[in-house]
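A quick note: this is a predicted structure, and the numbers were derived from the prediction, not measured.
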Amino acid sequence: MRTNTSARATDGTPTPPSDRLGRPAHDPDRSTPAPLPRQGRPLRTTRRAASLAAAALALSLPLSACSSGGAGGTSAADSSTAGSAPSPSPTPAVDRAAYRHTLTGALGPLNSALRAVDRAAEGSALNTALNTASSRADAAADTLQMTATPDDASPGNSQLVSALRALGQDLKSAGGDGGRCATSPRVALGRAQSPQSVKAAGRALTALGYDTSLQLPRTQPAQHRRLANGALVRDGSRSGLGRLTVKNGTAHDAVVTLTRAERTAFSLYVRHGSNATVRSVNSGSYTVYFTTGEDWNGPKSSFTRECSFEKFDDRARFKTVRVTGGTQYTVLTFTLNKVFGGNARTSTVPPAEFPS
């Protein structure tokens with residue numbers, strides 16, 4: 001039977017008891033705690049994991065600082081992607097000299113055609129010149145609309161294109177058909193707005209150094225030609241006793257024409273608001289035509305503006321007979337405007353069928 005015995009050091013201090021392997025046993029009277037028992041490799045693995053986590057945390061801090069700029073911040077990956085996007089190339093400026101060359105080439109043929117309009121005599125020659133100039137105006141507008149334009153000239157160029165197209169239309173319509181009630185082409189151009197629009201666009205471009213010289217054709221102001229009230233525009237042989245009175249209550253002057261057997265007997269000019277009388281009308285049956293309007297064109301025997309062409313449905317019949325104690329003859333009165341209680345009906349007549 002074995003017993004544990006205590007041994008003392010030579011200095012008198014008691015020696016703590018030992019186990020069977022000679023290791024000191026736990027002394028409950030000592031204040032220093034005994035070390036924890038070793039737990040082997042698991043403890044070493046835990047410490048390494050903690051060290052790696054601390055290193056990862058240290059590495060993540062600079063990245064967090066780079067991305068802490070708020071919503072507008074850009075990460076390193078985003079910066080590299082944005083920097084790789086190609087920047088748009090600047091639009092090359094249009095050469096001013098090239099535009100001037102195009103402008104001259106487009107307006108040159110039109111200018112020549114407008115000079116021909118200016119020289120042409122009124123009639124078929126003038127109508128032909130107007131049609132040619134109209135085509136040239138359209139062609140110039142097409143060219144300028146498609147050409148590259150300097151930034152400073154772009155508004156004026158667009159304005160000129162629109163004005164040239166309007167001028168082409170006005171040049172074409174000014175010629176008309178040359179028939180009755182045809183306004184003089186030069187008067188029609190004088191009343192059109194397109195020549196003034198072309199001038200305004202030209203001034204805007206010229207002020208920037210782009211020459212837009214155009215010789216627009218001469219124009220004429222609207223005329224107000226009229227004859228004296230009661231004047232005979234045309235007169236045949238009159239030797240009868242009949243009498244015709246015409247009352248013109250319309251807003252325009254009028255010319256009343258009587259025909260018999262498709263031939264004109266006479267034509268009477270009656271100003272608006274006036275009455276006129278023709279005497280010595282021969283016996284017979286007549287068709288009564290009348291036209292109203294403004295600005296009487298003698299060579300064409302027609303008004304040039306606000307024209308109307310009509311005829312009375314009933315024929316005018318003049319008769320002269322001898323009776324006891326004298327002679328009876330017909331006296332007729334025609335009122336051109338509508339009146340209350342009137343019994344005469346009228347019909348519209350095509351201008352080409354109106355007697356000259």
Give the table of side-chain donor-acceptor pairs shorter than 3.5 Å for residues 196-209, with sequence neighbours excluded, one pair per line with atom names and distance.
unit_1 : atom_1 : unit_2 : atom_2 : d
Ser197 : OG     : Gln193 : O      : 3.3
Thr206 : OG1    : Gly202 : O      : 2.7
Thr206 : OG1    : Thr212 : OG1    : 3.2

Least distance between heavy atoms, [X] atom then [Y] atom:
{"X": "Asn275", "Y": "Asn229", "value": "O-ND2, 3.0 Å"}
{"X": "Ser213", "Y": "Asn111", "value": "O-ND2, 3.8 Å"}
{"X": "Val255", "Y": "Ser267", "value": "CG1-CB, 4.0 Å"}
{"X": "Arg136", "Y": "Pro109", "value": "NH1-O, 3.0 Å"}

May I ask you to list the residues sharing a hydrophobic cluster with Tyr329, side-chain cutoff 4.5 Å, ordered by chain and number?
->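 Taking Ile, Leu, Val, Met, Phe, Trp and Tyr as members, Tyr329 shares its hydrophobic cluster with Leu241, Val331.
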Output every pair passing ring-ring contact (aromatic ring centres under 6.0 Å, His included) with a member in residues 99-150, not counting sequence neighbours, ordered by first then second residue.
->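 The answer is Tyr99-Tyr210.
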Strictly by modelled atom types, are [X] and [Y] linked by a side-chain donor-acceptor pair under 3.5 Å?
{"X": "Thr149", "Y": "Ser154", "result": "no"}
{"X": "Asp253", "Y": "Tyr269", "result": "yes"}
{"X": "Thr348", "Y": "Glu310", "result": "no"}

Please list, chain by chain and in numerical order, all residues satisfying ring-ring contact (aromatic ring centres under 6.0 Å, His included) with Phe312, sequence neighbours excluded.
->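 Counting only residues at least two positions away or on another chain, Phe312 forms a ring-ring contact (aromatic ring centres under 6.0 Å, His included) with Phe290, Phe334.
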Under the criterion side chain to side chain contact (heavy atoms under 4.5 Å, CB included), which of Thr264, Thr287, Leu244, Leu268 is the partner of Leu258?
->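 By the side chain to side chain contact (heavy atoms under 4.5 Å, CB included) criterion, Leu258 pairs with just one of Thr264, Thr287, Leu244, Leu268: Leu244.
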For Thr330, which residues count as a side-chain contact (heavy atoms from CB on, under 4.5 Å) partner, sequence neighbours excluded?
->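 Testing Thr330 for side-chain contact (heavy atoms from CB on, under 4.5 Å), a comparison that skips the adjacent residues, returns Phe318, Lys319, Leu332.
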Residues two or more places apart in sequence or in another chain: which of them pass salt bridge (charged side-chain N to carboxylate O under 4.0 Å, His left out) with Arg186?
->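 Checked Arg186 against salt bridge (charged side-chain N to carboxylate O under 4.0 Å, His left out); zero matches.
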Between Asp118 (side chain) and Pro217 (backbone), is there a donor-acceptor pair under 3.5 Å?
->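 The answer is no, because no donor-acceptor pair under 3.5 Å joins these two groups.
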Is a donor on one side and an acceptor on the other found under 3.5 Å between the side chain of Ser274 and the backbone of Val270?
->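 Here the side-chain-to-backbone pair does not exist.
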Note, [X] side chain near [Y] side chain (heavy atom, < 4.5 Å):
{"X": "Leu171", "Y": "Leu189", "value": "yes"}
{"X": "Phe303", "Y": "Asn297", "value": "no"}
{"X": "Leu336", "Y": "Lys247", "value": "no"}

Indicate if Leu216 and Leu160 have the same hydrophobic cluster label, given that clusters are the connected sets of ILVMFWY residues with side-chain heavy-atom separations under 4.5 angstrom.
->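 Yes, because Leu216 and Leu160 connect within a single hydrophobic cluster, where side-chain heavy atoms sit under 4.5 Å apart.
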For atom CZ of Arg191, decide whether the heavy atoms of other residues, nucleotides or ligands shown that lie under 6.0 angstrom number more than 12.
->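 Counting neighbours around CZ of Arg191, 12 or fewer heavy atoms of other residues, nucleotides or ligands fall under 6.0 Å, so no.
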